[in-house]
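Structure, as structure tokens:
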Amino acid sequence: MTDVFGSSHKDVHEQVVFCADEQSGLRAIIAIHNTALGPALGGTRFYPYDSEQAALADVLNLAKGMSYKNALAGLDLGGGKAVIIGDPATMKSEALLRAYGRFVESLGGRYITACDVGTYSEDMDIVARESRFVTGRTLAHGGAGDSSILTAFGVFQGMRASVEHVYGSPSLVGKRVGVEGVGKVGHRLVDHLIEDGAEVVICDVSPEAVDRVRRRHPQVEVVADAVELTAADIDVLAPCALGGALDDETVARLRVKVVCGAANNQLAHPGVEKQLADRGILYAPDYVVNSGGVIQVADEIEGFNMERARAKATQIYDTTLKIFGMAAEEGVPPAVAADRLAERRMSEVGRIRAIWLGR
């Protein structure tokens, strides 16, 4: 059974809410991990989980990741996440999304939602008809629009920092980059890579997603699956599909110097970060480099401005380099250094909230 309260202070979640509406078919879980820096912000994943237990495990991991991501992105926001259990292709409806919006509203602003796998800006417009605590809405409704725009841009900035750390230059000219998953974020990352002069190899379970990239960039090489991609002769691997991509078998196959991608929770289990380091593979922590999307939707809270959000996402380059430097200085993998930096900010800034304001 998943341990909701966690085995350490870092894993304890402040609040987990189960939401059900029989008539619309809604079954959802909202997890709030940490609100030391502010209300919890994180997307809503709509996915056909094999079981409620699998959904709970995923939402707990994702919520914790959002606490760390928001902290290192410099946002005054805590970490939370939500999952809706089911196939969005057959179950998504106005009634279900509005029912979900009522549950988000019932938390009174402790949790602010946005898009994730299986949900889109148009869905957030519907959720927002029942809740004030929604970001990632369409531009037509005053929102930030598709958050994959700055997610991909931020991963690209993190990748530039990674290759600079390894090769001495942030340029991707001549580097072979393997992109696993070319969906909402992955196909935009390919655009940045091609523009910067990289050679790109891709795979995806969706033939339509592959075809979309090939129509835009005919020079892109396609391989059959993730196993072939992770064994390929490439310099950089960008996991941009679902989490858990970096397990023991995958790490043993890798021939890359850098892993830097958009997927959340890429490390299949604790200890994988050390395996990567032992093999001389630089791992850019996923929640650092993929924070462009949350930066984009968070900007919506004070009235969205793309230039302002893009400028903040550009700082992912500097943050990534800082983490690599800190890791080298402390003799730990970058994932450990990133955790320490995030926890330090949550502790130091969160402590200030204890100062009484007299109201």
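Nothing here was measured: the structure is a model prediction, and the numbers come from that model. Residue numbers count from 1 along this sequence.
No option in Leu26, Asp123, Asp21 other than Leu26 meets the side chain to side chain contact (heavy atoms under 4.5 Å, CB included) test with Tyr100. Exactly one of Leu267, Leu246, Val236 qualifies for a side chain to side chain contact (heavy atoms under 4.5 Å, CB included) with Val259. That residue is Leu246.
Within 6.0 Å of the NZ atom in Lys257, the count of heavy atoms belonging to other residues, nucleotides or ligands does not exceed 12. For CD of Gln219, the number of neighbouring non-hydrogen atoms (other residues, nucleotides, ligands) closer than 6.0 Å is greater than 12. Around the CZ atom of Arg98, the shell of radius 6.0 Å holds more than 12 heavy atoms that belong to other residues, nucleotides or ligands. Glu195 CD: 12 or fewer foreign heavy atoms inside a 6.0 Å radius. Residue-environment remark: CG (Asp50) stays at or below the threshold of 12 foreign heavy atoms within 6.0 Å.
Summarising the geometry of Ser106 relative to Phe103, their closest heavy-atom pair is OG-O, 2.6 Å, with the distance given to 0.1 Å. Shortest non-hydrogen contact noted between His269 and Asp248 is NE2-OD1, 2.7 Å. Scanning both residues, Leu282 and Pro334, for their nearest heavy atoms gives CD1-CG, 4.0 Å. Of all heavy-atom pairs between Cys115 and Thr119, the closest is CA-OG1, 3.4 Å. When all heavy atoms of Pro239 and Ala245 are compared, the closest pair comes out as CB-CB, 4.2 Å. Among all heavy-atom pairs drawn from Glu199 and Gly174, the shortest one is OE2-O, 4.2 Å.
Evaluation of the salt bridge (charged side-chain N to carboxylate O under 4.0 Å, His left out) test over residues 312-323, restricted to residues two or more places apart or in two chains, returns none.
Ser131 contributes no side-chain N or O that, together with a main-chain N or O of Val104, makes up a donor-acceptor pair within less than 3.5 Å. Listed for the Arg132 side chain is no donor-acceptor partner under 3.5 Å among the backbone atoms of Glu105. Asp58 places no side-chain N or O within 3.5 Å of a backbone atom of Ala54 that could act as its donor or acceptor partner. Counting only distance, with no hydrogens or angles, the side chain of Arg212 and the backbone of His187 share no donor-acceptor pair below 3.5 Å. The backbone N or O of Asn305 sits less than 3.5 Å from a side-chain atom of Asp299, completing a donor-acceptor pair. Counting only distance, with no hydrogens or angles, the side chain of Asp125 and the backbone of His141 share no donor-acceptor pair below 3.5 Å. Although no hydrogens or angles enter the test, the distance criterion places no donor-acceptor pair under 3.5 Å between the side chain of Thr319 and the main chain of Ile316. When atom types are taken as modelled, the side chain of Tyr287 and the backbone of Leu72 share no donor-acceptor pair closer than 3.5 angstrom. A donor-acceptor pair is defined here as one N or O able to donate and one able to accept, closer than 3.5 Å; such a pair exists between the side chain of Thr151 and the backbone of Ser147. Side-chain atoms of Thr113 never come within 3.5 Å of backbone atoms of Val134 as a donor-acceptor pair (strictly under, hydrogens ignored).
The residues Asp191 and Arg216 are annotated as salt-bridged, a charged nitrogen and a carboxylate oxygen being separated by less than 4.0 angstrom. Classification of Lys92 and Glu122 as a salt-bridged pair fails, no side-chain N sitting under 4.0 Å from a carboxylate O. Comment: Arg215 does not engage Asp211 in a salt bridge, judged by the lack of any side-chain N to carboxylate O separation of less than 4.0 angstrom.
Between Phe153 and Ile149 there is no side-chain heavy-atom pair separated by less than 4.5 Å. In this structure, Thr35 and Gln15 have side chains that are not in contact, with every pair of non-hydrogen atoms separated by 4.5 Å or more. Put simply, the side chain of Leu172 does not reach to within 4.5 Å of the side chain of Asp235, judged on heavy atoms. Contact of the Asp339 side chain with the Glu273 side chain is not registered, since no non-hydrogen atoms from C-beta on lie closer than 4.5 Å. Proximity of Val289 to Met159: side-chain heavy atoms (C-beta onward) are nowhere separated by under 4.5 Å. A heavy-atom distance below 4.5 Å is not found between the side chains of Asn70 and Leu37. At least one side-chain heavy atom of Ser162 sits under 4.5 Å from a side-chain heavy atom of Phe324. For the pair Met306/Leu150, a side-chain contact is recorded, criterion being any heavy-atom separation below 4.5 Å from C-beta on.
Under a hydrophobic-cluster definition in which Ile, Leu, Val, Met, Phe, Trp and Tyr are linked whenever side-chain heavy atoms come within less than 4.5 Å, directly or via other members, Phe133 and Ile301 are assigned to the same cluster. If you chain together hydrophobic residues whose side chains sit under 4.5 Å apart, Val177 and Phe156 fall into the same group. When the side chains of ILVMFWY residues are joined at heavy-atom separations under 4.5 Å, either directly or via intervening members, Leu229 and Val179 end up in two distinct hydrophobic clusters. Residues Leu97 and Val297 share a single hydrophobic cluster, defined by chaining ILVMFWY side chains whose heavy atoms lie under 4.5 Å apart. Hydrophobic clustering (side-chain heavy atoms under 4.5 Å, transitive across Ile, Leu, Val, Met, Phe, Trp, Tyr) groups Leu60 together with Phe18.
A donor and an acceptor atom, one from each side chain of Thr250 and Thr230, are nowhere located under 3.5 Å apart. The closest side-chain donor-acceptor pair between Tyr68 and Asp286, if any, does not fall under 3.5 angstrom. Side-chain contact check for Ser148 and Asp146: at least one donor-acceptor pair (N or O, by modelled atom type) lies under 3.5 Å.
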| request: Could you go through the side chain to side chain contact (heavy atoms under 4.5 Å, CB included) check for Arg45 and Leu242 one step at a time? | output: CA-CA 11 Å; Arg45 178 165 294 189; Leu242 294 177; 4.1 Å; yes
For this session: Report the C-alpha separation of Ile295 and Gln315 in whole Å, then their side-chain angles, then the decisive distance to 0.1 Å, and conclude whether the side chain to side chain contact (heavy atoms under 4.5 Å, CB included) test is met.
Result: CA-CA 11 Å; Ile295 289 170; Gln315 296 172 13; over 6 Å; no
*Please step through side-chain hydrogen bond (donor to acceptor under 3.5 Å, both in side chains) for the pair Ser51 and Gln53, ending with a clear verdict.*
CA-CA 5 Å; Ser51 66; Gln53 202 62 38; over 6 Å; no
>> Using the rule given for side chain to side chain contact (heavy atoms under 4.5 Å, CB included), can you reason through Glu300 versus Met124, listing the C-alpha separation, both sets of side-chain angles and the distance that settles it, and then say yes or no?
In response: CA-CA 13 Å; Glu300 186 178 323; Met124 292 303 107; over 6 Å; no
* Does the side chain to side chain contact (heavy atoms under 4.5 Å, CB included) test come out yes or no for Thr135 and Phe304, once each step is laid out? -> CA-CA 10 Å; Thr135 60; Phe304 182 63; over 6 Å; no
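In this structure, Lys184 forms a cation-pi arrangement with Tyr120, its terminal cationic atom sitting closer than 6.0 Å to the ring centre and no more than 45° off the ring axis.
Rounding to the nearest 0.5 Å places OG of Ser169 at 7.0 Å from CD of Glu164. One finds the CD1 atom of Ile30 at 5.0 Å from the CG atom of Leu107 (value rounded to the nearest 0.5 Å).
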Which donor-acceptor pairs under 3.5 Å do side chains of residues 74-86 form with protein atoms, sequence neighbours excluded?
from, atom 1, to, atom 2, distance (Å)
Asp76, OD1, Arg345, NH2, 3.3
Lys81, NZ, Asp116, OD1, 2.9

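Ring geometry for His13 versus His33: interplanar angle over 60°, hence perpendicular rather than tilted (30 to 60°).
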